[in-house]
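Let me begin by presenting the structure, written as structure tokens, before commenting on it.
Order of the sequence lines fixes the chain letters, A, B, ..., with proteins taken first and strands second; residue numbering starts at 1 for each chain. The basis for the numbers below is simple: all heavy atoms, side chains too, and nothing from hydrogens, waters or symmetry mates.
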Amino acid sequence: MDPVNADHEFLLHHSAVEAAPRLLGAILRHESPDGPVAVRLTEVEAYLGAHDSPNPDPGSHGYKGRTERNAVMFGPAGYMYVYFTYGMHFCANIVCGTAGTSTGVLMRAGEIVEGKDLAYTRRPAAKNEQELAKGPARLTQALGIDRQHNGIEVFRSPVTLQLADHPPSPQHLSTGPRVGVSGPGGGHEYPWRFWLSGNKTVSVYRAAKPRQPPVV
DNA sequence: GGTCCGATAGGCT
DNA sequence: GCCTATCGGACCG
């Protein structure tokens with residue numbers, strides 16, 4: 001499988017944990033029939049592999065093995081895994097690393113750098129520019145990405161990804177526990193949420209809900 | 001600013 | 001049946 005460019009080559013040879021900080025500042029652009037919208041990624045989360053891969057991750061959708069739903073995650077790097085959640089939202093990941101391991105980066109937030117008007121029409125609830133793509137489901141909504149984009153390439157129209165010229169300096173990079181991952185795979189054991197320090201479009205952190213509420 | 005809670009449908013045990 | 005890699009509106013300060 002020939003990489004289409006240097007950015008694709010990079011994804012092929014790195015796990016999601018290595019690729020995630022490199023994706024901060026990258027531009028993801030979607031050209032829909034209604035027009036283009038592009039975001040600069042400001043917050044991402046890395047998910048590593050299935051239980052039988054070199055880097056198992058209980059928080060990963062692929063942890064328990066391949067199913068029809070997560071099949072794209074087990075494919076080659078450079079494809080987009082889009083899943084439906086909470087009965088109404090879509091979230092998008094970029095598949096990384098070696099095919100079969102099921103490692104990918106969830107895109108959690110970004111700032112709109114092109115197509116702001118179209119993004120507002122897709123996100124009427126947004127009170128300001130910073131809310132347009134603040135959160136994983138808001139980001140897909142602003143970009144116009146849904147289930148029909150599951151399994152498409154991210155280096156070929158209508159979706160194109162372009163990495164930043166340089167990774168963020170340590171001073172501009174923050175890390176912490178992943179949002180919403182409860183039980184094994186959550187908390188500080190897996191500090192694989194990465195964001196641009198101080199950026200206004202980064203979604204607020206909420207600790208994952210415990211499986212059973214504490215008894216008072 | 002923060003916190004709480006309902007909506008809603010599909011995946012998986 | 002239970003759970004979910006969430007959002008937005010209501011309400012409180």
* **From Arg108(A) atom CZ to Cys91(A) atom SG, the distance as rounded to the nearest 0.5 Å** => 8.0 Å

* Basic-acidic side-chain contact under 4.0 Å: Glu131(A), Arg123(A) -> no

* Spacing between Phe84(A) atom CZ and dT8(B) atom P, to the nearest angstrom -> 11 Å

* Asked: Which parts of residues 187-199 of chain A get close to DNA chain C, meaning a heavy atom less than 4.0 angstrom away?
  -> none

* Is a salt bridge present between Glu129(A) and Lys116(A), judged by a nitrogen-to-oxygen distance below 4.0 Å? -> yes

* Asked: How is the base pairing of DNA chain C summarised as a dot-bracket string, given the Watson-Crick and G-U wobble criteria with both distances under 3.5 Å, [ ] for crossing and | for another strand?
  -> ||||.|||||||.

* Between CG of Leu11(A) and CG of Leu23(A), what distance do you get to the nearest 0.5 Å? -> 6.0 Å

* What's the CZ-C1' distance between Arg147(A) and dG10(B), to the nearest Å? -> 9 Å

* Structure fact -> Out of dA5(C), dT6(C), dA9(B), minimum distance to the side chain of Tyr86(A) belongs to dT6(C)

* Asked: Quick check: are there more than 12 heavy atoms from other residues, nucleotides or ligands sitting under 6.0 Å from CG of Asn128(A)?
  -> yes

* Asked: Once the angle between the rings of Tyr63(A) and His51(A) is folded into 0 to 90°, is it parallel (under 30°), tilted (30 to 60°) or perpendicular (over 60°)?
  -> perpendicular

* Asked: Are any of the side-chain nitrogens in Asp57(A) or Arg178(A) under 4.0 Å away from the carboxylate oxygens of its partner?
  -> yes

* To do: Evaluate the ring planes of His14(A) and Phe10(A), with Trp represented by its six-membered ring, and classify them as parallel (under 30°), tilted (30 to 60°) or perpendicular (over 60°).
  => parallel

* Considering only heavy atoms and no angle criterion, is a donor-acceptor pair shorter than 3.5 Å present between the side chain of Tyr83(A) and the base of dA5(C)? -> yes

* Which residues pass the ring-ring contact (aromatic ring centres under 6.0 Å, His included) test with Phe155(A), sequence neighbours left out? -> His8(A)

* To do: Flag the pair Tyr79(A) / Tyr81(A) as yes when their ring centroid distance falls below 6.0 Å, and as no otherwise.
  => no

* Does the side chain of Asp146(A) pick up a donor-acceptor pair with the side chain of Gln141(A) at under 3.5 Å? -> no

* In whole angstroms, how far is the P atom of dA5(C) from the CE atom of Met73(A)? -> 12 Å

* Residues forming a salt bridge (Lys or Arg N to Asp or Glu O under 4.0 Å) with Glu153(A), sequence neighbours excluded -> Arg156(A)

* Listed in order of residue number, which residues of residues 47-69 of chain A have a non-hydrogen atom at under 4.0 Å from DNA chain B? -> Lys64(A), Thr67(A), Arg69(A)

* Verify the distance criterion only: is there a donor paired with an acceptor across the side chains of Ser53(A) and Asn55(A) at less than 3.5 Å? => no

* Using atom CZ of Phe90(A) as one end and atom P of dA5(C) as the other, report the distance to the nearest whole Å. => 16 Å

* Asked: What one-letter contact string describes nucleotides 7-13 of chain C from 5' to 3', where B marks a base within less than 4.0 Å of any protein heavy atom, S marks contact via sugar-phosphate atoms alone, and - marks no contact?
  -> SS-----

